[in-house]
Every structure is written in structure tokens, then in C-alpha cells.
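Note sheet for the following structure.
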Amino acid sequence: MAISLSKGQKVDLTKTNPGLTKVIVGLGWDTNKYDGGHDFDLDTAAFLLGGNSKVTSDSDFVFYNNLNDPSGSVTHLGDNRTGAGDGDDEQISIELGKVPASIEKIDFTVTIHEADVRSQNFGQVSNAFIRIVNADNNEELIRYDLSEDYSIETAIVVAELYRHNGEWKFNAIGSGFQGGLAALCNNFGIDIG
């Protein structure tokens, strides 16, 4: 039975699941009735962060145009451009033991592709969630349903995995940003100039 979290809650991942080595981070969402004539293309990403909450290089930003970090520990499993259907819309695979020691946190984000051009925001998205699944047996371990009412935000830091005393923990964040992917990149130390 998965642990269901609400915003701001933290929970042990590896301590309560001994022997856990590989997880799938699944993110999903639905779009509300929308008549703007454009598809909603939501994109997930992972930012591998050092102790200063910044990336050490641009290659620590894993997304649809950079599917793996240099260590091969974090892999984006592909871009879903519509979000149609049930279950996970996009997934990121993480081999916990391969994550470099210099990486203290992995933040998971969702942005809306071309949100400004398409006049879209997270107020038009519902049933968004993130879940952590044991890759060995497909067991859902943690789930966080984003129940906040977003309005003008075009990017969200959904959650993070972080190291604490040699164990991995999960933090349900749900923090919205205006400015889409550019705002997130600036926040995490990536110059997209």
C-alpha cells in the first residue's frame, strides 16, 4: 500500500524499503475542458542538485532533450505530448546507488510547453500526481496528489528525493512558478541565455 502524502510532507524512501535500488518516478495529469485550439504538452524534468540547491553543470538537467545525466543514474523515459490516457504520462527512472555522491537532491518538475504562446497555465490542469514505484516489482511506494488550485503558474516543482544520513527521503513540494521552464532553469543555476 502506497504512502499518500500532502504538500510539505516528507517520508523515508530507502529506510522503509530496504534493498530498494531502482525506482520509477511517474508523473501524470489531466487537462480541464479547454477550447484554445492547442494541445496541452506538459513536460517533466529532473534537476540533479548539489548542496547549494544548484546543478553542477547543465548536463545535470534531465528532460526530453537530454534523457540521461552523465552518471547514467537518472533517465527520462520519453516525452508524452498529449497527456491522454490513464496512469503515468511521463516517467523518470533512477538507480539510487549510481547517483553521484555530490548530488544531494533530485527535484522533479512539470512545465507547460509554450504556455505563454498558447495562453495555458496550471489552472487548466487537474488530477496531477507524482508517484514512486519500485522498478523491480512495480509496487507503488509513495504517491502525492497535487490538490492545490493553481492559476497563473506555468511551472511546478512537484517533489524531490534527497539524501539524509545516507538514506533517500521524499519531499512533497508542489511549489508553482510563473515564467515556465526558463524560471525553473534560472532557479536551479542553468543559464539558458
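Residues I130 and Y162 are members of separate hydrophobic clusters, defined by side-chain heavy-atom contacts under 4.5 angstrom among Ile, Leu, Val, Met, Phe, Trp and Tyr. Neither F108 nor F129 shares a network with the other; the hydrophobic side chains, linked directly or stepwise wherever heavy atoms of I, L, V, M, F, W or Y lie under 4.5 Å apart, form separate groups for each. The same ILVMFWY cluster, assembled from side-chain heavy atoms under 4.5 Å apart, contains both V25 and L20.
Side-chain atoms of K54 come within 3.5 Å of backbone atoms of N187 as a donor-acceptor pair (strictly under, hydrogens ignored). When atom types are taken as modelled, the side chain of D30 and the backbone of N127 share no donor-acceptor pair closer than 3.5 angstrom. No side-chain donor-acceptor contact under 3.5 Å links N171 to the backbone of A159.
Here the closest non-hydrogen pair linking S93 and K22 is OG-CE, 3.1 Å. Closest approach of T111 and A155 over heavy atoms only: CG2-CB, 3.7 Å. Nearest approach of V55 to G189, heavy atoms of both residues: CG2-O, 4.0 Å. Across every non-hydrogen atom of G179 and T154, the tightest pair is N-OG1, 3.3 Å. The shortest heavy-atom contact between S59 and N66 is O-ND2, 3.4 Å.
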If you apply the rule side-chain contact (heavy atoms from CB on, under 4.5 Å), what do you find for L27 with V158, and how did you get there?
CA-CA 9 Å; L27 296 105; V158 182; 4.1 Å; yes

Decide salt bridge (charged side-chain N to carboxylate O under 4.0 Å, His left out) for D107 and K105; before the verdict, give the C-alpha distance in whole Å, the side-chain angles of both, and the deciding distance to 0.1 Å.
CA-CA 6 Å; D107 278 30; K105 296 191 281 191; 5.3 Å; no

Applying side-chain contact (heavy atoms from CB on, under 4.5 Å), run through I142 and L13 and close with a yes or a no.
CA-CA 8 Å; I142 298 171; L13 177 62; 3.8 Å; yes

Kindly indicate, with the supporting measurements, whether the criterion side-chain contact (heavy atoms from CB on, under 4.5 Å) is fulfilled by L49 and F188.
CA-CA 8 Å; L49 307 172; F188 291 124; 3.6 Å; yes

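Looking only at side-chain heavy atoms (C-beta outward), V99 and I106 come within less than 4.5 Å of each other. The closest side-chain heavy-atom distance from L67 to V62 is not below 4.5 Å. In this structure the side chain of I112 never reaches within 4.5 angstrom of the side chain of D41, judged on heavy atoms. Here the side chains of F170 and L5 are in contact, with some heavy-atom distance below 4.5 Å. Residues L181 and D43 fail the side-chain proximity criterion, which asks for heavy atoms closer than 4.5 Å. E153 has its side chain out of reach of F177: every pair of non-hydrogen atoms, C-beta onward, lies at least 4.5 Å apart. Between N134 and N17 the shortest side-chain heavy-atom distance does not fall below 4.5 Å. Between D89 and L42, the closest side-chain pair of non-hydrogen atoms is not below 4.5 Å.
Heavy atoms from other residues, nucleotides or ligands lying under 6.0 Å from CG of N52 number more than 12. Counted within 6.0 Å of NZ on K15, heavy atoms from surrounding residues, nucleotides or ligands total 12 or fewer; the atom is thus considered open.
A distance of 10.5 Å separates CD of Q124 from OG of S151, quoted to the nearest 0.5 Å. Here the OG atom belonging to S73 is positioned 5.5 Å from the CG atom belonging to L48, to the nearest 0.5 angstrom. In this structure, the separation between OG on S71 and CG on D69 is 3.5 Å, given to the nearest 0.5 Å. Rounded to the nearest 0.5 angstrom, E160 CD and S53 OG are separated by 7.0 Å. Interatomic distance, NZ of K98 versus CD1 of I103, reported as 14.0 Å (0.5 Å rounding). The CZ atom of R143 sits 14.0 Å away from the CD1 atom of I3 when rounded to the nearest 0.5 Å.
Inspection of the H76 and E90 side chains reveals an N or O donor paired with an N or O acceptor under 3.5 Å. Under the 3.5 Å distance criterion, with hydrogens and angles disregarded, a donor-acceptor pair is assigned to the side chains of T75 and N68.
Partner L146 forms a side-chain contact (heavy atoms from CB on, under 4.5 Å) with one of V110, V125, I156 and no other, that one being I156.
The aromatic rings of F47 and F61 lie parallel to each other, their planes meeting at an angle below 30°, with 60° marking the opposite boundary.
Sorted by first and then second residue, the pairs that involve residues 164-174 and meet salt bridge (Lys or Arg N to Asp or Glu O under 4.0 Å), not counting sequence neighbours, are D12-K169.
Cation-pi geometry between R131 and Y144 is not met: the NZ or CZ atom fails to fall both under 6.0 Å from the ring centre and inside 45° of the normal.
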